[in-house]
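Below: one structure, written as structure tokens.
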Number of protein chains: 2
Amino acid sequence: MKMTIKEIAKLAGVSQATVSKIINNYDDVGQKTKERVLAIMDEYGYRPSYAAQSLVKKVTKVVGVIYAGHINANFNHPFFVEVVDMFKKTLGGEGYDLLFFSNEKFHKADENYLQRCQHYNVDGCIIIGGEQVEPSIYELDQSTIPCIGVDIELTGPHSGYIMTDNIQVSSMAVEHFYLTGRREVAFIGGEKESFVSRQREAGFRERIKAYGLQAPEEWFVYGDFFEESGYACMKELLRSERTPQAIFAISDLMAFGAMKAIKDQGLDIHDFAIIGCDDITAAKHVEPPLTTIKQDKQKIGRMAAFILKDLITGHIEQTSLKVDPELVVRESCGSKKPGVMR
Amino acid sequence: MKMTIKEIAKLAGVSQATVSKIINNYDDVGQKTKERVLAIMDEYGYRPSYAAQSLVKKVTKVVGVIYAGHINANFNHPFFVEVVDMFKKTLGGEGYDLLFFSNEKFHKADENYLQRCQHYNVDGCIIIGGEQVEPSIYELDQSTIPCIGVDIELTGPHSGYIMTDNIQVSSMAVEHFYLTGRREVAFIGGEKESFVSRQREAGFRERIKAYGLQAPEEWFVYGDFFEESGYACMKELLRSERTPQAIFAISDLMAFGAMKAIKDQGLDIHDFAIIGCDDITAAKHVEPPLTTIKQDKQKIGRMAAFILKDLITGHIEQTSLKVDPELVVRESCGSKKPGVMR
DNA sequence: CTGAAAGCGCTTACAG
DNA sequence: CTGAAAGCGCTTACAG
């Protein structure tokens with residue numbers, strides 16, 4: 001049976017106030033009293049009620065998790081799930097629990113995240129950015145509730161955001177093509193509305209120019225991050241007059257699709273240099289193993305947790321951070337030794 | 001600014017009680033009054049406080065999510081993440097939000113799940129079963145809080161559990177070996193303490209016998225579900241006097257490891273029949289594509305949600321359910337046409 | 001159909 | 001060092 005503070009107080013022969021002070025670590029309680037009460041609380045496994053506490057204190061030690069906009073397979077998204085996992089572990093160490101908002105019941109435009117945050121009185125929240133983010137997200141962003149965005153730019157007074165440096169992602173891919181002697185390169189992007197895709201494309205175009213590589217407009221094709229679309233994109237590339245030697249796909253799955261398209265066309269996969277993005281488990285198992293650009297999910301998750309905590313405690317306000325990606329060299333790019341001239 | 005019921009009442013010129021009745025859909029409120037109050041609530045975006053509500057009602061519409069025992073990479077576990085995703089989607093449709101308990105701060109044996117559930121006043125919870133489950137989990141199980149277990153047998157008065165029929169998993173593997181003409185089969189299991197591993201081994205042994213296949217004791221080797229251990233296990237198998245033609249690994253990752261060991265040994269991978277378990281994304285990308293036994297994660301997640309809801313509403317009590325696995329035939333098992341005698 | 005009042009389980013000035 | 005009392009934002013008999 002669940003105990004209340006009143007019962008504990010009676011058992012210990014003190015007032016509720018005294019018990020409460022002990023719970024909240026006030027130091028103006030007698031040592032003897034404290035020990036006695038503590039022993040009783042322990043004996044009965046007493047835990048103060050969250051509802052009652054949060055009603056009067058304004059702190060809950062709960063952080064909301066929101067998947068904004070359309071995220072295919074939100075929860076088991078290969079990238080975000082690892083970010084959130086690390087985020088959870090880090091904040092968990094600080095005593096926070098995570099509340100995942102369901103949005104199945106509210107998928108309409110009238111979902112109001114601010115209201116829901118207020119309803120639960122969360123201390124802050126993490127917002128995972130998908131496509132076509134609801135306006136209500138920005139309302140929350142601009143509120144007094146601390147928010148940390150991942151892959152979404154938050155500008156609220158108590159908000160911050162963090163994401164991989166997507167310009168850098170493309171730089172690394174292009175640079176690797178350059179250093180392995182590729183001159184004609186193609187780009188397989190995501191949906192045109194995709195924030196991440198747009199950034200990577202911008203970085204790609206900029207670097208191409210800087211290195212003087214060739215990429216006619218018809219070598220820019222767009223999928224939806226999934227395998228089938230990569231397949232279709234590659235088919236399209238192979239149909240064009242000149243065929244690119246090197247292909248940068250902004251997701252590993254699309255890179256897989258592209259590889260399959262090349263094989264199906266009867267071409268030698270080793271005549272192509274392919275770079276993917278994400279470094280999912282399967283990347284090292286395909287033939288040939290896929291060179292890819294990896295995001296530092298661990299770091300992003302940890303950082304997000306630290307920043308949010310500082311935002312909550314008022315230690316900082318309004319930050320943003322770009323995290324460097326990492327190049328993972330495997331065989332799909334022809335050369336096992338990047339940087340060696342050939 | 002956050003509104004309270006009091007302010008809404010004043011604005012509408014009615015009492016708190018009336019507003020409350022409208023919120024809770026009592027039908028003894030005048031139509032006119034109702035409309036007026038509703039309009040005001042809407043205008044100010046009023047949402048009742050979770051804390052206050054849950055303090056007086058005993059329902060919270062929040063369900064706890066607990067990863068019990070040791071689960072490597074709990075959150076992004078390839079199997080559980082999909083189960084939980086579906087669980088979340090299904091319960092989300094019913095208006096429940098999910099509270100993920102952090103256990104980073106409490107990893108000691110003194111974590112008390114029942115207390116935490118009571119603290120938050122959750123309506124019920126889902127328990128994901130790992131290895132070496134803490135005793136405290138069973139205390140929760142036996143409490144009045146409804147619990148649904150996945151891969152863990154819960155026997156409490158308001159508990160249920162669901163899992164794949166692991167005997168069936170092994171049956172399918174052995175049967176497929178049999179129908180593709182394999183006679184000598186090996187088993188790569190997980191940790192000996194693993195509940196799932198033990199069940200699959202039992203099913204395997206039983207089926208082997210039924211079909212009269214050969215599997216000397218040294219062909220039973222044990223890893224930890226991860227790739228490296230599969231590699232080591234296979235190395236061990238190849239070291240034994242006679243080499244098995246067929247290998248059933250109870251995780252795809254271990255199957256990958258086994259394939260790698262075979263290749264590294266200079267043997268022809270096509271001389272071996274390999275069956276994995278899980279059907280992770282990478283399974284169809286390895287060379288040769290891996291035949292595997294797949295759990296119906298979607299169904300498990302949905303079922304868990306439905307059962308938990310019925311447990312909460314008192315509609316049912318104490319159920320358990322086994323879900324059938326599915327055989328996914330690919331090339332790693334030699335024959336593209338299972339069931340065709342050769 | 002409507003409202004006054006008690007109570008849910010806590011915390012926090014405040015008085016002693 | 002300790003406790004009485006008000007208050008957090010709601011709901012629910014109960015009376016009218």
Are OP1 or OP2 of D:dG3 and a side-chain N or O of A:Thr18 less than 4.0 angstrom apart?
-> yes
Find which nucleotide of DNA chain C each of B:Thr33 and A:Ala51 is nearest to by heavy atoms, and output the residue with the more 5' nucleotide.
-> B:Thr33
To the nearest 0.5 Å, how far apart are CD in A:Gln295 and CZ in A:Phe79?
-> 4.0 Å
CG/A:Leu311 to CD1/A:Ile316 distance, rounded to the nearest 0.5 angstrom?
-> 5.0 Å
Is any side-chain nitrogen or oxygen of B:Gln53 closer than 4.0 Å to OP1 or OP2 of D:dT11?
-> yes
Are any of the side-chain heavy atoms of B:Val150 and B:Phe87 separated by less than 4.5 Å?
-> no
Indicate the ring-plane relationship of B:Tyr50 and A:Tyr120, choosing parallel, tilted or perpendicular according to the 30° and 60° boundaries.
-> tilted
Euclidean distance, atom CD1 of residue B:Ile23 to atom P of D:dT12 [Å, nearest integer] | 11 Å
Spatial distance of atom OH (A:Tyr161) from atom CG (A:Leu154) [nearest 0.5 Å] | 9.0 Å
Answer with yes or no whether the side chains of A:Ser159 and A:Asp141 bring together a donor and an acceptor at under 3.5 Å.
-> yes
Rounded distance in Å - NZ (A:Lys57) to P (D:dA6) | 23 Å
Within the side chain of B:Asp310, is there an N or O that forms a donor-acceptor pair under 3.5 Å with the backbone of B:His315?
-> no
Determine: side-chain N/O of A:Thr4 to OP1/OP2 of C:dG9, distance under 4.0 Å, yes or no.
-> no
Can you check the B:Asn24 CG to D:dT11 C1' distance for me, whole Å?
-> 7 Å
Between C:dG9 atom C1' and B:Tyr120 atom OH, what is the distance in whole Å?
-> 16 Å
Side chain to side chain, A:Ile22 and A:Val14, heavy atoms closer than 4.5 Å = no
Taking only N and O in the side chain of A:Ser15, is any of them less than 4.0 Å away from OP1 or OP2 of D:dG3?
-> yes
With respect to the phosphate group of D:dC8, does any side-chain polar atom (N or O) of A:Tyr50 fall under 4.0 Å of OP1 or OP2?
-> no
Find the distance A:Leu55:CG to C:dT11:P and express it as a whole number of Å.
-> 11 Å
Below 3.5 Å is the cut-off: list the nitrogen or oxygen pairs between protein and nucleotides 13-16 of chain C, distance only.
none

Paired and unpaired positions of DNA chain D as dot-bracket, Watson-Crick or G-U wobble under 3.5 Å, | denoting a partner strand | |||.||||||||.|||
How many Å lie between CD1 on A:Ile22 and C1' on D:dT2, as a whole number?
-> 11 Å
Walk me through it: do B:Thr155 and B:Gln318 pass the test side chain to side chain donor-acceptor pair (under 3.5 Å)?
-> CA-CA 7 Å; B:Thr155 61; B:Gln318 285 215 49; over 6 Å; no
C:dT11 P sits how many Å from A:Gln16 CD, rounded?
-> 10 Å
Spacing of A:Gln118 atom CD relative to D:dC8 atom P, expressed in whole Å | 17 Å
Taking only the side-chain nitrogens and oxygens of A:Tyr46, find out if one of them lies under 4.0 Å from OP1 or OP2 of C:dG9.
-> no
Of the candidates C:dG3, D:dT12, C:dC10, the side chain of B:Ser20 sits closest to D:dT12
Look at the side chain of A:Asp151 and the backbone N and O of A:Met163, then say whether any donor-acceptor pair between them is shorter than 3.5 Å.
-> no
